[in-house]
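I have placed the structure first, in the form of structure tokens, so that the comments after it can refer back to it.
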2 protein chains.
Amino acid sequence: MTQPERKKRITIKDVAHAAGVSTQTVSRVMNKFAYVSDETRQRVEVVVEQLGYRPSTLARSLIQQRSFTIGVVTFGLKYIGPSRTLNGIADMADELGYMLLMKELVDLDTESIEEVIESLLARQVDGILWAVPEIGDNRNWLTDRLASIPVPVLFLTMEPRANVPSIATDNYSGAVMATQHLLECGYKNIGHISGPMDWWEAKERKRGWSDTLIKAGLDASENRCAEGNWSSASGEQAFLQLLQTFPTLDAVFVANDQMALSVLREAHRRKIKVPEQLAVAGFDGIPESAYFYPSLTTVFQNPQMLGEQSIQYIVEMIQARQENRSFITQSRFIQPNLTVRESTSLV
Amino acid sequence: MTQPERKKRITIKDVAHAAGVSTQTVSRVMNKFAYVSDETRQRVEVVVEQLGYRPSTLARSLIQQRSFTIGVVTFGLKYIGPSRTLNGIADMADELGYMLLMKELVDLDTESIEEVIESLLARQVDGILWAVPEIGDNRNWLTDRLASIPVPVLFLTMEPRANVPSIATDNYSGAVMATQHLLECGYKNIGHISGPMDWWEAKERKRGWSDTLIKAGLDASENRCAEGNWSSASGEQAFLQLLQTFPTLDAVFVANDQMALSVLREAHRRKIKVPEQLAVAGFDGIPESAYFYPSLTTVFQNPQMLGEQSIQYIVEMIQARQENRSFITQSRFIQPNLTVRESTSLV
DNA sequence: TTCCATTATGTTATCGATAACATGTTATCG
DNA sequence: CGATAACATGTTATCGATAACATAATGGAA
């Protein structure tokens, strides 16, 4: 049983009193300000140590109008990609001396978005990382609202827009790599299983596939593509559909590894040999993909790095604003790379 | 290019001035205090709306000594389990009106732990959720330090200790279920691939396996177990080792699904039929496990729910302390359940 | 009619720190 | 040796809100 005993917080006044100096002097010692005599400094430091004094970041944030806190708005944390990005975000934030105030979006409607933004601003965050995938028109609010947010906002995984800072994996170029690779392996009838088509990332991956085929003089018509929703279950459905609409299929570029997993399984069941009769390439490069049977060729993206770079980027923005410098708004891209494994090449 | 234009924050003073009342009255309106005349209330509300005033949670936290913020300390976010737990944490926190201040532990040494705790306390969190798996002696600090932390601390995934609130999945009983199931299917030579043995969860799962076998009068000696580190790669290694030390193996309980994945693959390669010649059961119940080939029997734990309940628990603790009630410290457990699929039963 | 509870609002203190300014003491230099 | 810069420290104002207390008007109950 825990007794509800309460110790009062040790404040700067307690220290000042115990050391026989003013609070300002204690503050100077804590912030390593130069003009403090060695003698005083030591005396104060001893008291700080004895009392176990730790300054209240909260109070400091209030007076300095700066919290060294970044608001992170996430969506779909239950998926592994976003959560690994968050990992990168957390690590880099730590390294640069920032804390993270987290909000997971439950709905994507404008009201909840407004509420989330307000609650972050009310807590004086120095910047906001919008780590929510772009789906449908869920970026419309941005046009009206962005200018009136008094701190920098950085968008992850968004279609580049003028005057809006963003950072994303280059999904298009990843898809091109994968499709190109299938072509180089000699496959000609290359289908695609896409993600949900209202997701920007899904569109980009599909565009990479179709552009590459068209450029090679091949067909990329709609019957050669089926839509999933990222889940393995939907991947299975989409694959079955594709086998119907595109029977001569000899290779398939699947928009994520989870869906590719069920393509591999269904191929097994139907005794379709991978890669001899059907090559399969995925996207994401989840660690398990190396242990699929057969191991999966996939476009490896580095969500961890995406997270790290996004913190670096927003901290640059915060510092620029702090120092009243102007700042060039960019859309940054991170290049993925292709990992070739058994599912597309005969070892 | 973004112009470094800065709008001044609208404060309670601005509202008070514009509405011709005192700040106290504005505060009363914002907090729905009763003794305000309808006329005044409306006047203030109009001004609030016009100016777009939002109270500073920061300032409020300072005076009220209460931030409605919970510190969450995580470790291993890059793994899917912890990140889904975080998802549950985030959702429930939102529902109960709390924000999350996040810190990912990089090292597990005492210094970094101390630093993390201090930085959370300096930001006036109302409670701390220690979502770090128990590994080796990384809970030793707790004995000395816990009592001196002025806010409630709840530990996730920890061996129950007297007077320390904790919440965890019941790994032991999950392991018992899986092993029991294998026994019921008629397998007699049941091996185990464990997680890293300094993890509490790994120990519990192994204990569930060995206890069940011993109770059934079967052998659970060391040569029937191999140790992995949760990764698919290590699972493969462990499986190869097990095939050597325990050649008569006809079933294996694997401590997580990722490792089970590579067991399935290696079995394919060696033309060992699953489940006819070798039954495989996993642990975790990741969504993909339903799409392994064959689909994997696994112990389903609900990390999302773990997260939700942990927030509920700590909020109870916070409220108890707030109201100066005493509170019964418990170790809570969440029961997992077995999902039977193809890898252990002939459909 | 007087008194006190209820309602309505304002004033001052406070949370824990730093900013801005003020003042006194030492060095330093021409 | 006096002016001036550098050092050392203290005092007061401030960040944006609420707590605690004070004051005044209203409206029944005694």
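Lettering of chains follows the sequences in order, A, B, ..., and the numbering in each one begins at 1. Only this structure's heavy atoms are used, side chains among them; waters, hydrogens and symmetry mates stay out. Not measured: the values here are computed from a predicted model.
- Comparing A:Val26 and B:Val21, the nucleotide of DNA chain C nearest to each residue sits closer to the 5' end for B:Val21.
- Ion pairing between A:Glu118 and A:Arg145 holds under the 4.0 Å rule for side-chain N and carboxylate O.
- In this structure, A:Arg321 and A:Ile149 approach most closely via the heavy-atom pair NH1-O, 4.3 Å.
- Judged by a 6.0 Å distance limit and a 45° cone about the ring axis, B:Arg66 is positioned over the six-membered ring of B:Phe68.
- In terms of polar N and O atoms assigned as donor or acceptor, the side chain of A:Arg28 comes within less than 3.5 Å of the base of D:dG10 in a complementary pairing.
- Annotation: side-chain contact (heavy atoms from CB on, under 4.5 Å) contacts of A:Glu308 (sequence neighbours excluded): A:Met92, A:Gln304.
- Residue B:Gln124 places none of its side-chain N or O atoms closer than 4.0 Å to OP1 or OP2 of C:dG16.
- Taking a pair as Watson-Crick or G-U wobble with both distances under 3.5 Å, DNA chain C forms stems of 3 or more consecutive pairs at C:1-30 with D:1-30.
- Among the nucleotides D:dC15, C:dT11, D:dG16, the one closest to the side chain of B:Gln24 is C:dT11.
- Between B:Ser37 and C:dT9, a side-chain N or O to OP1/OP2 separation shorter than 4.0 Å is present.
- For B:Lys13, a side-chain nitrogen or oxygen approaches OP1 or OP2 of D:dC15 to under 4.0 Å.
- As judged by a 4.0 angstrom heavy-atom cut-off over every strand, B:Ser22 is placed among the base-contacting residues.
- Within the 4.0 angstrom heavy-atom criterion, no nucleotide atom of any strand lies near B:Arg66.
- As judged by a 4.0 angstrom heavy-atom cut-off over every strand, B:Thr40 is placed among residues touching the sugar-phosphate backbone only.
- The distance between atom CG of B:Leu62 and atom P of D:dG16, rounded to the nearest whole Å, is 12 Å.
- Here B:Tyr53 lies in heavy-atom contact (under 4.0 Å) with sugar-phosphate atoms only.
- Candidate nucleotides C:dA8, C:dA19, D:dA17 were compared by shortest atom distance to the side chain of A:Gln64, and C:dA19 ranks first.
- Taking side-chain N and O atoms only, A:Tyr35 has no distance below 4.0 Å to OP1 or OP2 of D:dA8.
- At the heavy-atom level, B:Arg54 lies under 4.0 Å from the strands shown only through sugar-phosphate atoms.
- Here C:dT9 is the nucleotide among C:dT11, C:dT9, D:dA6 with the atom lying nearest to any side-chain atom of B:Thr25.
- For the pair A:Arg332 and A:Tyr313, the cation-pi test (distance below 6.0 Å, angle within 45°) is passed.
- Salt-bridge formation is not detected for the pair B:Lys32/B:Glu45: no Lys NZ or Arg NE/NH1/NH2 atom is positioned less than 4.0 Å from an Asp or Glu carboxylate oxygen.
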